[in-house]
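Below you'll find the structure, written out as structure tokens, and then a few comments.
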Number of protein chains: 2
Amino acid sequence: MKKVTMADVAKLANVSKSTVSQYLNKRYEYMSEETRKRIAQAIEELGYQPNVIARSLKQKTTATIGVIVFNMLHMLTTQVLHAIEEECQKREFQVIVCNSGDDPEKERKYIDMLLAKQVDGLIVFPTGKNEDVYHRLVAERFPIVFVDRMVPGVEADSVLLDNFGAAEMAVDYLAAHGYDRIAIVTPPLVAHNVPRMERLQGFRMAMEKRGLKVDDRSVIAAEAAELPGELQKRFAAPERPNALFAINDLTLMGILRFVKETGIRVPDELGLISIDDVPFADIYTPMLTTIAQPTFAMGKKAAERVFEQMDQERTRKPRVFRFSPTLVERTSIR
Amino acid sequence: MKKVTMADVAKLANVSKSTVSQYLNKRYEYMSEETRKRIAQAIEELGYQPNVIARSLKQKTTATIGVIVFNMLHMLTTQVLHAIEEECQKREFQVIVCNSGDDPEKERKYIDMLLAKQVDGLIVFPTGKNEDVYHRLVAERFPIVFVDRMVPGVEADSVLLDNFGAAEMAVDYLAAHGYDRIAIVTPPLVAHNVPRMERLQGFRMAMEKRGLKVDDRSVIAAEAAELPGELQKRFAAPERPNALFAINDLTLMGILRFVKETGIRVPDELGLISIDDVPFADIYTPMLTTIAQPTFAMGKKAAERVFEQMDQERTRKPRVFRFSPTLVERTSIR
DNA sequence: TTGTACGCGTTATCAG
DNA sequence: CTGATAACGCGTACAA
């Protein structure tokens, strides 16, 4: 049933495979009106569909890119993916999506599989732990771009948030609104997680610049599940913070849970700001002031860059694209 | 650089291509320990990666399935996709994700592209408007399963929520808790959107069974953006509802926006229940009572079914899998 | 146990 | 303008 091939079309149209191939590739110029029609009709009649696999084998290109993310359920991922897909759609490219679950082993395996499948490019939200693979890819000039996180030492295009700026923005806004005991809330800090560290650095610098002291108690780091408990502890101690800066939506959730449990009043007792513009931000009471990432633009840029790398042979120096966050003023800050 | 092929390995190992092929396909049995080692080493040395495309051409199978969704940003989609990906991972399959944006044209185009790419199966959140294509696929016994929505008249595996039961569950729960003027809130009703219609039917039946009257004013249908306005109107009129049943998360958002604007007190003035378990359900005040879809199980089942269809030649009669929703009791109902 | 030769469906080259 | 014929990289009878 699906076995109708170019040869069949050729036979029916009384031409050779080559001619049919020409036709399919729109090289009509050297073709009589007549044969053209015959071929068109034969194709129609047989319901012929070209076999892309065969074409790929010959042309060494698959019109496919691979995307490896570390958490499919994360909203950032979803939105960036969406933008990537949209950009690929324009080019008639398709996207293979893989979820590494932030496991370097899986990531490596996926990269291998995707390469074996001859994808034309790769967009990776990297675990950061497979430097050797990344290096090899870059050395081979294989089109690749990192998103959200970068890998220090690997010279590849990277599409990132201006994490430093985002943290600074948070502190400045909080400080400008009269909060002086600000704590940053984050998942556990691990060195290879660049955005996390950058946000922390940005926080530290901004605090110092503002003359606000930052000590152990200014940074609250915990796994999402433990966060409410951790916060309880911190708020039981003296000099409790009067403002919290959540590094991402997940920690925000933890904070909100804590707030709900204890009944602390936001924004009067506690100012709240976070990175990532959660969908319920303006439905919550109070409405949540956030620092939004331009997820769509980031996804789009990532896709554009792979394509550019594919198109140009020459060795363009890899670039790091820093995207500016947007402050969305709402009412979780007085 | 990436041009190292089986022939190269064969040459270096001093064997023929076939032997290398044997090796790669783990047919070690007919191979001396010695040659095996030589091949292994040659592969290592050259960094050889088999070319899956060539293999696919020969074997007519690509270890790839296509998934076409109508809204990548919807949470249901994300979660189902996640489950699908996970299931594919076990089988070493990969997933090409396409977003139709609920546009039948795009859907059709994507199906064609995926078939041309020789995917081994298809999972579709169908727009419902391409019956001819669906029929052709089913007639050809091409592995396909529908998710979330089904297409009446097309005999294919479908993985769906028990929409009827979900609506009934909502009404029963509301009624049991003393609410008697219940309205259903939904996006515009269009006949080909099966879940929407099923939920409406379930609502109607359940209401009648309970002896609750349902008239024009019991169903509030509007585009997400217009919803708050529509609700305003409805609540200005006499006999305003004292409970709302949101058909999905999007309409829930509209309701919440309306509630926030008008200051209506939930659950005292207004009971609230909705299908889809939004992530902020237990963070919101009051905590939102919801009817959760088993998204993960649904995605898993969908993947399992494509695989089963692929595995068995014989014509199994297509089945419709109805998944039961789960009531998550919280406090938006008194 | 290993090698030869052919086929998978297209595209590219180069005569005709 | 059209048609042989040779790749593309791999799998596999069949032969040795």
Side-chain angles (χ1 to χ4, degrees), chain A residues 1-40 42-43 46-64 92 112-113 115-120, chain B residues 1-40 42-43 46-64 112-120:
Chain A
M1 24 192 76
K2 292 221 61 49
K3 28 188 60 168
V4 36
T5 162
M6 240 180 56
D8 302 319
V9 177
K11 200 175 302 167
L12 183 60
N14 258 313
V15 294
S16 74
K17 288 191 301 180
S18 343
T19 312
V20 178
S21 178
Q22 303 282 20
Y23 174 86
L24 290 171
N25 295 306
K26 323 246 183 236
R27 307 297 302 148
Y28 303 131
E29 307 146 20
Y30 305 106
M31 207 176 304
S32 69
E33 179 70 11
E34 144 110 44
T35 48
R36 190 156 102 209
K37 286 202 167 154
R38 279 217 311 283
I39 295 176
I43 289 178
L46 298 169
Y48 166 72
Q49 303 261 148
N51 181 330
V52 176
I53 294 291
R55 196 214 313 282
S56 293
L57 178 58
K58 186 69 186 175
Q59 296 188 157
K60 303 171 160 323
T61 166
T62 53
T64 306
E92 308 244 280
D112 285 344
M113 291 180 70
L115 291 180
K117 273 203 172 140
Q118 313 292 115
V119 296
D120 297 332
Chain B
M1 24 192 75
K2 290 219 62 49
K3 30 187 60 168
V4 36
T5 164
M6 240 180 56
D8 301 319
V9 177
K11 197 174 304 168
L12 183 61
N14 257 314
V15 294
S16 75
K17 287 189 306 179
S18 9
T19 312
V20 178
S21 178
Q22 304 280 20
Y23 174 86
L24 290 172
N25 295 307
K26 322 246 184 236
R27 309 297 304 149
Y28 302 130
E29 306 146 20
Y30 305 106
M31 208 178 302
S32 69
E33 177 70 12
E34 145 108 45
T35 49
R36 189 156 103 209
K37 286 204 167 152
R38 279 217 313 283
I39 295 176
I43 288 178
L46 297 170
Y48 167 71
Q49 304 260 146
N51 181 331
V52 176
I53 294 291
R55 197 216 309 284
S56 293
L57 180 58
K58 183 76 190 171
Q59 298 188 154
K60 303 171 159 326
T61 168
T62 52
T64 306
D112 285 345
M113 291 179 70
L114 290 170
L115 292 180
K117 272 201 174 143
Q118 313 293 116
V119 294
D120 297 332

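Order of the sequence lines sets the chain letters (A, B, ...), proteins ahead of strands, with each chain counted from 1. What's counted below: heavy atoms across the whole structure, side chains too, no hydrogens, waters or symmetry copies.
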Reported [atom1]-to-[atom2] distance for the pair [X] and [Y], which is rounded to 0.5 angstrom:
{"X": "B/Leu57", "Y": "A/Arg55", "atom1": "CG", "atom2": "CZ", "answer": "12.5 Å"}
{"X": "A/Thr64", "Y": "A/Glu92", "atom1": "OG1", "atom2": "CD", "answer": "12.0 Å"}
{"X": "A/Thr35", "Y": "A/Asn14", "atom1": "OG1", "atom2": "CG", "answer": "11.0 Å"}
{"X": "A/Met6", "Y": "A/Leu24", "atom1": "CE", "atom2": "CG", "answer": "7.0 Å"}
{"X": "A/Lys60", "Y": "A/Thr62", "atom1": "NZ", "atom2": "OG1", "answer": "11.5 Å"}

Under 4.0 Å between a side-chain N or O of [X] and OP1 or OP2 of [N]?
{"X": "A/Tyr48", "N": "C/dT10", "answer": "yes"}
{"X": "B/Thr19", "N": "C/dG3", "answer": "yes"}
{"X": "B/Ser16", "N": "C/dT4", "answer": "no"}
{"X": "A/Thr5", "N": "C/dG9", "answer": "no"}
{"X": "B/Lys60", "N": "C/dG9", "answer": "yes"}
{"X": "B/Ser21", "N": "D/dT12", "answer": "no"}
{"X": "A/Asn51", "N": "C/dC8", "answer": "no"}

[X] has an atom [atom1]; how far is it from atom [atom2] of [N], in whole Å?
{"X": "A/Met6", "N": "C/dG7", "atom1": "CE", "atom2": "P", "value": "17 Å"}
{"X": "A/Leu24", "N": "C/dT10", "atom1": "CG", "atom2": "P", "value": "8 Å"}
{"X": "A/Gln22", "N": "C/dA12", "atom1": "CD", "atom2": "P", "value": "9 Å"}
{"X": "B/Lys17", "N": "C/dA5", "atom1": "NZ", "atom2": "C1'", "value": "9 Å"}
{"X": "B/Asp8", "N": "D/dG9", "atom1": "CG", "atom2": "P", "value": "9 Å"}
{"X": "B/Ile53", "N": "D/dG11", "atom1": "CD1", "atom2": "C1'", "value": "16 Å"}
{"X": "B/Tyr23", "N": "D/dG9", "atom1": "OH", "atom2": "P", "value": "21 Å"}
{"X": "A/Gln118", "N": "C/dT10", "atom1": "CD", "atom2": "C1'", "value": "16 Å"}

Side-chain donor or acceptor of B/Lys58 under 3.5 Å from a matching atom on the base of C/dG7?
yes
Could one point to a donor on the side chain of B/Ser18 or the base of C/dT4 with an acceptor on the other under 3.5 Å away?
yes
Between B/Ala54 and B/Thr35, just flag the one whose closest nucleotide in DNA chain C comes earlier from the 5' side.
B/Thr35
At under 4.0 Å between heavy atoms, what does A/Val15 touch on the DNA or RNA strands: base, sugar-phosphate, or nothing?
sugar-phosphate
Base, sugar-phosphate alone, or nothing: which one does A/Ser56 contact when heavy atoms must sit under 4.0 Å apart?
nothing
Between B/Lys37 and B/Glu34, does any NZ, NE, NH1 or NH2 come within less than 4.0 Å of an OD or OE carboxylate oxygen?
no
Any idea which of C/dG9, C/dA12, C/dT2 is nearest the A/Leu57 side chain?
C/dG9
